[in-house]
Structure formats: structure tokens, C-alpha cells
Amino acid sequence: LDKLRDRIAESEVIVIYGNPEDSIDPSNPWDWNCGQNDLEACYVTNCSLDSFSQYIADLKEIYSIIFEIRQGKPTIVRAMDAYNPRLVSNCQPDGAFDECLSCWENYNLAIHQAADEMGIPVAPVFDTWNGPDHTENPVEKGFTQEDNVHPNELGATVIADLFRDLG
């Protein structure tokens, strides 16, 4: 945030997606790969909601810092939850789909919990990209670039529409 301080001070609209990679609770670390690393097989050792406690705290701190930098000026802050283009294609063949689905649901629950506590609306990207029951493949929907991870124009439009729907 220090590198973004000047931009935040001037921004009336701020969109947050925070990768949890550096927000690990050392007393209860998560240990799972469910599509985050395409080179490893899907597995779950720990991804309980409690293992995301540091991530939730870090997101709330980020929101607080944004509001502090904005100093009461009108500001629209929105967040998005996380889609997973590899969940179905990678984790079903590995036999870890159900466990991995629970991990991604907890990850997104952590995003929603932090945002809800701070009054931040969240765009439901996971529900849209992975379907309401999170068993759909966003790659098959045509939402990703050739890398089968990052949004292409259609995927980006779908995400933008979700933000518009938040108001």
C-alpha cells in the first residue's frame, strides 16, 4: 500500500482482490493446492476457515488503510472473490475435488467475511465463473486467455458486469 498511497489518495473508486499467499497464520497455516499451482497435484491438508484468520485480518487492515488515506472523501470500495479455472479440470482427475471445493469456498468465505465486516460489497466472481454450485469449468465457458487462467475479454466483461451490478 505504501507504493500505492498517492494513487489511493486520488482514487474515488478502488477495487480489491487480495492474494492470500503472504497472509498465513503461523499458528494454523493452511496447506493445500487446488489449482493455484498447476505443476502440483491437487491436495488438501488444511484449509479450514480458521486457517484464513491472518488473511481476514490483513484484508480488514487494507480496507482501514484505504479509508485512512482517503480521509473521509467520497470513495467507492469494492472487492471480488476468487474464481478457479483449474478446480474442475485439475482436481477431479486427482480425486481431490470435494476437499478442494471446500478450500475454495473457505477462501472466498474469508474474502466475504473481511469485506462484510468493513461494509465492502463483493462481486460474486466465483459463483459466476465456477457456477452456483462451483462445479463448472470457466475455461469451457470461454472466460480465460490461452493460459487457461487469466480473464480474456469475455471473462473481464463478465467480471466488470458483476461490479456494475453492485452499484
Side-chain angles (χ1 to χ4, degrees), residues 15-63 77-167:
V15 176
I16 300 292
Y17 167 73
N19 186 316
E21 190 173 300
D22 291 329
S23 295
I24 297 173
D25 178 355
S27 66
N28 185 17
W30 62 69
D31 181 14
W32 58 290
N33 177 55
C34 296
Q36 305 93 292
N37 181 341
D38 196 33
L39 302 176
E40 289 182 44
C42 294
Y43 72 90
V44 174
T45 303
N46 180 30
C47 65
S48 67
L49 183 58
D50 290 344
S51 71
F52 289 96
S53 63
Q54 185 61 53
Y55 180 56
I56 293 167
D58 289 347
L59 285 174
K60 289 170 50 178
E61 182 178 4
I62 289 168
Y63 296 135
V77 180
R78 301 292 185 258
M80 65 179 268
D81 59 18
Y83 63 89
N84 186 334
R86 296 177 179 150
L87 180 63
V88 174
S89 60
N90 288 23
C91 298
Q92 276 186 339
D94 289 343
F97 181 78
D98 290 337
E99 295 86 2
C100 283
L101 178 57
S102 292
C103 290
W104 275 83
E105 288 174 341
N106 282 341
Y107 170 27
N108 281 309
L109 186 58
I111 292 170
H112 283 266
Q113 182 177 326
D116 290 349
E117 289 180 24
M118 300 300 290
I120 308 295
V122 180
V125 178
F126 189 44
D127 290 348
T128 304
W129 273 51
N130 289 87
D133 61 358
H134 309 134
T135 60
E136 297 174 16
N137 188 336
V139 174
E140 292 174 358
K141 292 179 174 184
F143 290 169
T144 62
Q145 296 178 26
E146 288 182 21
D147 66 1
N148 293 333
V149 175
H150 297 95
N152 60 16
E153 187 173 341
L154 174 60
T157 299
V158 167
I159 293 170
D161 287 344
L162 293 170
F163 280 113
R164 281 187 202 93
D165 291 346
L166 292 177

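Everything quoted here is computed from the prediction, not taken from an experiment.
The two atoms that bring C47 and N106 nearest to each other are O-ND2, 3.0 Å, heavy atoms only. Of all heavy-atom pairs between A82 and Y107, the closest is CB-CE2, 3.4 Å. Minimum interatomic distance between P29 and I24 (heavy atoms only, all atoms of both residues): CB-CG2, 3.6 Å.
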* Report the C-alpha distance between N130 and N84 in whole Å, list the side-chain angles of each, state the deciding distance to 0.1 Å, and finish with yes or no for side-chain hydrogen bond (donor to acceptor under 3.5 Å, both in side chains). => CA-CA 7 Å; N130 289 87; N84 186 334; 5.6 Å; no
* Yes or no on side-chain contact (heavy atoms from CB on, under 4.5 Å) for F52 and L59, after CA distance, side-chain angles and deciding distance? -> CA-CA 11 Å; F52 289 96; L59 285 174; over 6 Å; no
* Derivation and outcome, side-chain contact (heavy atoms from CB on, under 4.5 Å), residues V158 and K141 -> CA-CA 11 Å; V158 167; K141 292 179 174 184; over 6 Å; no
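With contacts defined as side-chain heavy-atom distances shorter than 4.5 Å, the pair E140/V88 does not qualify. Counting heavy atoms from C-beta on, the side chains of V139 and P85 come closer than 4.5 Å. Side-chain contact between N148 and R86 is absent, with no heavy-atom pair separated by less than 4.5 Å. Looking at Q54 and W30, their side chains never come closer than 4.5 Å, going by heavy atoms from C-beta outward. Side chains of P151 and I159 form a contact here, defined as non-hydrogen atoms less than 4.5 Å apart. Here the side chains of I120 and I16 are not in contact, with every heavy-atom distance at 4.5 Å or above. A 4.5 Å side-chain heavy-atom check between I56 and K60 finds at least one atom pair inside the cut-off.
Checked options T157, V125, V122; the residue passing with L162 is V125 (criterion: side-chain contact (heavy atoms from CB on, under 4.5 Å)). With Y55 as reference, I111 is the one residue of N19, I111, D25 to meet the side-chain contact (heavy atoms from CB on, under 4.5 Å) rule.
For the residue pair T135 / D133, a side-chain donor-acceptor distance below 3.5 Å is found, with atom types taken as modelled.
In this structure, the side chain of R78 engages the main chain of G167 through a donor-acceptor pair within 3.5 Å. No donor-acceptor pair under 3.5 Å is formed between the side chain of N90 and the backbone N or O of G35. Using modelled atom types, one side-chain atom of N33 and one backbone atom of E40 make a donor-acceptor pair closer than 3.5 Å.
For the atom pair E146 CD and N152 CG, the distance stands at 10.0 Å (nearest 0.5 Å). Atom OH of residue Y83 and atom CG of residue D127 lie 15.0 Å apart, to the nearest 0.5 angstrom. Between the OH atom of Y43 and the CG atom of D31 there is a distance of 4.0 Å, given to the nearest 0.5 Å. Distance CD/Q92 to CG/D98: 8.5 Å, rounded to 0.5 Å. In this structure, E99 CD and T45 OG1 are separated by 11.0 Å, a value rounded to the nearest 0.5 Å. For the atom pair L49 CG and L109 CG, the distance stands at 5.0 Å (nearest 0.5 Å).
Under the 2.5 Å SG-SG cutoff, C91 and C42 qualify as a close cysteine pair. A disulfide is not assigned to C34 and C103, since their SG atoms are no nearer than 2.5 Å.
By the 30° and 60° cut-offs, the orientation of the rings of H134 relative to F126 is parallel.
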